[in-house]
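The chain is numbered in sequence order, starting from 1.
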Amino acid sequence: MTHITVSRVKKLTLSYLLLVLAAMFAACNQSAGKKDTGEYSEEFLKIQHKAEDKFGHNAIKAGHDYLDSAFSKLKHPTVNDRFRYYALKYVYFQKTLRDFDSAMLYADSMLALANKSVNPKQYSMNYAEANFARGDSFFELKQFNDAYQAYYQGYLTGKNYLNLAALCDYTYRMGMIMYKKGHYKLAANYFKDSYHQISEEARTFDRGFPGFYRRQELLDNIAISYKHNNEADSAIKYFDIALKFINDNAPLFPDRKRDMDMARGVVYGNKAEIYMQTKQFNNAIDLLKKSIAINMQPGFDNRDAELSEIKLGQIYLDIHASDSLINLLGNIRKQLDTVANADAEADYNRLLGNLYVQRNDLKLAINHIQRYNLMKDSIIKRSALLMESDVNQQLANYEKQHEIDKLSNSSKLQTIYLYVSIFFALMAVIIVFLVYRNFKRSRQEVKTINVLNKQINEQNYNLEKALKEINTSSQEKDRILRAVAHDLRNPIGGIASLTTIMAEEDYSEEQKEMINLVKETSFNSLELINEILEATNLNSVELHPEPTEINGLLSNSVELLKFKAAEKGQEIILEPLDKQIELVISREKIWRVVSNLITNAIKFSPTGGTIQVKAFEFEDHKIVIAVKDNGIGIPDKMKDQIFNMFTSAQRPGTAGEKSFGLGLSICRQIMEKHHGKIWFESDVDKGTTFFISLPLILAGVHGGSNTAQKFSEPTA
């Protein structure tokens, strides 16, 4: 018996569920991580290397468990990462556990992920590999038509994309099929083609250990095919080439010693059959013992070791070494009870039956030979479907169907082109008709347009005149306001000074109350006059920007207003920038804006409240300053009026403080002159947060943000 590896997988209806889960996982992950470029992530390559290192050191279960654990912690796996994870799981269940049902699930998952490839190269590689895995599954399930179709899909992808990896995998599988059908010469030719293709691919792409392992397997398979075709010299030649190839490459893969030894063991066992055919029993026994010693180890290819033991048993039978045969059969029996092997089980009974024939114990001999015949009939029946199937005809049918599909698609395209041509022809006729009709109407429409243009020009002139008058009126209003405010400031200032002095004189309580009332009214009037003067002068006054350190400006504003906050039992908390940044701004004006916002927060916050002042860099190169209170908030009906001059939205503070409605209007004018913005967020009875933003480019700073804050900044 010979040893040739063929993937064995079994398909379940549960594969559909795994496909859906894989697709959902891919969709969620695609939006979360980095852009997928079609390559493996560095994190996954480390996981794969460590898992394969465990596999190579015969810690297969540990390697599988590590793979599952490490992959589950991978935050943003790429399509290739997930594909290779499923491929490794497929190999584990297929080759190690021989659990074909589970392996089929992972083969289907590989196909689902191949369809999510991000570039043609990735698609051709993964789609072909997934189809070959599925084909191997169908093959072992004796569903040969489905297997050939899957193989053909993989071959077609490789051919269309000039994918040598796919083509050599295809010819490898065709060789395996021809071998199983007994067409050994044809099988050898397929294996040779596959070997030359993978060797050609190795010039530009290194598959690493899997590529090496496939090449040595192909050399072994070529030799086996020649052996079955009774070409002993060619078989010996290729077995020797395979062993030399393994020994020459062993130093390149020091961590895969187990796999190297296992490959040698397989070649030893296969080569021994040549010596058995030529009656060179001593050479055959030596090679078989070396093969058995290697592959009988735990975690090695125990099934191959059992087959080698059967070959050794046949030699002992032929040379009448009964004692050696009895000891060997005892060992085989123990091993078959642990590792099931239908072929070895049948031949075990054959050897035991023939041994009893030599001892003239015909009753026991017949019993074991009958068991052998029953088992062999079962094996032959399982192989009958393969022998009945015509793979060449199946592949020819798929090729013809592919050509029919191409012609059908071409015909559909031609039909679409025809419809498109007819559509454009009709559109051209309609356009010509519309042009002709519009040409006839154009003269009248030109006259109408000229009249309308004349009316529009007159309206534009009137609008410009009205706008000019409005600007003049606005300037006149500002001039009158400034004049009135200026003329009122001196007498009211005098009244304020006089009442301040009088309040300190010796008057009755009633008189002092009247004097203090006049004093307070005078100071309120002076504050209003100052705000009116500032509001009317702001547009005409030029800014005097200077380098200003933001943290220092905020600290100064907060320190000056802490005493005012303390009068209401309030606390001001400052969170400055995490580094010093200078902006070229008008220090006095921006200080006025910040102080005004803090003053408003004090005014409209309850006694004992907290006011937060925070500065941070925003993600689009801006410095943002936020002043947050937990006060009475701003009702929705007032929000649109907050920044208007002499707004009707002014309200007294929580302690009855006076409000004139000019401060926020002044703040907005200052921010606009700095090319900045001011806006707010507010909830009634929960508080208000005012924001101002200044562009970093004013100071020539080009740094990324270090705090990604979330807030609703207006675009206008």
Side-chain angles (χ1 to χ4, degrees), residues 7 15 18-49 51-52 67 70-72 74-91 105-136 149-173 194 197-211 214 398 402 405-406 409-410 412-413:
S7 299
S15 61
L18 191 58
L19 287 175
V20 172
L21 292 175
M24 292 173 62
F25 182 68
C28 294
N29 203 62
Q30 183 68 21
S31 62
K34 301 176 182 177
K35 180 177 176 60
D36 194 337
T37 61
E39 302 295 335
Y40 295 100
S41 67
E42 291 294 330
E43 295 85 351
F44 178 79
L45 289 175
K46 294 177 182 177
I47 293 171
Q48 181 183 1
H49 177 76
E52 289 182 341
L67 178 67
F71 187 81
S72 67
L74 195 60
K75 292 184 178 178
H76 303 301
T78 66
V79 169
N80 259 11
D81 294 346
R82 294 193 298 275
F83 181 89
R84 189 52 52 201
Y85 167 72
Y86 287 128
L88 291 170
K89 296 281 287 185
Y90 167 83
V91 171
L105 296 177
Y106 292 106
D108 288 339
S109 299
M110 290 164 64
L111 185 62
L113 283 169
N115 287 320
K116 295 188 174 297
S117 301
V118 300
N119 59 55
K121 179 182 177 182
Q122 181 189 35
Y123 173 79
S124 70
M125 298 290 290
N126 292 351
Y127 186 79
E129 183 178 346
N131 270 294
F132 290 141
R134 295 181 75 248
D136 293 344
Q149 186 172 19
Y151 290 151
Y152 181 75
Q153 289 296 328
Y155 163 73
L156 196 62
T157 303
K159 183 175 71 171
N160 290 341
Y161 287 93
L162 299 178
N163 182 347
L164 278 176
L167 296 179
C168 73
D169 283 344
Y170 173 76
T171 50
Y172 165 79
R173 282 162 174 80
S194 183
Q197 287 163 347
I198 196 172
S199 298
E200 181 67 24
E201 181 203 22
R203 295 181 181 180
T204 56
F205 177 75
D206 183 11
R207 285 204 203 186
F209 183 78
R214 172 57 61 82
Y398 294 136
H402 178 64
D405 291 341
K406 285 174 63 178
N409 291 335
S410 177
K412 289 178 182 178
L413 284 175

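Legend: residues meeting side-chain hydrogen bond (donor to acceptor under 3.5 Å, both in side chains) with Glu39, ordered by chain and number and at least two apart, are absent. Taking Glu201 as the reference, Arg207 meet the salt bridge (charged side-chain N to carboxylate O under 4.0 Å, His left out) condition, with sequence neighbours excluded.
Across Asp36 and Val79, no two heavy atoms sit closer than the pair OD2-N, 2.8 Å. Looking at every heavy atom in both residues, Asn119 comes nearest to Gly38 through ND2-CA, 3.7 Å. Between Arg82 and Pro77, the shortest heavy-atom distance links the atoms NH1-O, 3.0 Å. Smallest separation of non-hydrogen atoms from Ala87 and Met110: CA-SD, 3.7 Å. Scanning both residues, Cys168 and Gln197, for their nearest heavy atoms gives CA-OE1, 3.0 Å. Taking all atoms of both residues into account, the shortest heavy-atom contact from Ser117 to Asn126 is OG-ND2, 4.4 Å.
Figure legend: Arg214 and Tyr172 shown as a cation-pi pair, the cationic atom lying under 6.0 angstrom from the six-membered ring centre and within 45 degrees of its axis.
Counting only heavy atoms from C-beta outward, the side chains of Val118 and Thr37 never approach each other to under 4.5 Å. A heavy-atom distance below 4.5 Å is found between the side chains of Tyr123 and Asn115. Within the 4.5 Å cutoff, the side chain of Asp169 has no heavy atoms near those of the Tyr151 side chain. Counting heavy atoms from C-beta outward, Tyr90 and Asp136 have side chains that approach closer than 4.5 Å. Between Phe83 and Glu129, some side-chain heavy-atom pair lies under the 4.5 Å cut-off. Using a 4.5 Å heavy-atom threshold, the side chains of Asp81 and Glu43 count as separate. Phe44 places none of its side-chain heavy atoms less than 4.5 Å from the side chain of Thr78. Taking 4.5 Å as the limit, every side-chain heavy atom of Leu164 sits out of range of all side-chain heavy atoms of Ile198.
From Tyr40, atom OH reaches atom CZ of Arg84 across 3.5 Å, with rounding to the nearest 0.5 Å. Atom OH of Tyr127 is separated from atom CG of Leu156 by 8.5 Å, given to the nearest 0.5 angstrom. Distance check: Leu105 CG to Lys89 NZ gives 11.0 Å after rounding to the nearest 0.5 Å. Rounding to the nearest 0.5 Å places NZ of Lys46 at 11.0 Å from CG of Leu74.
Ion pairing between a basic and an acidic side chain is recognised when a charged N comes within 4.0 Å of a carboxylate O; Arg203 and Glu200 show such pairing.
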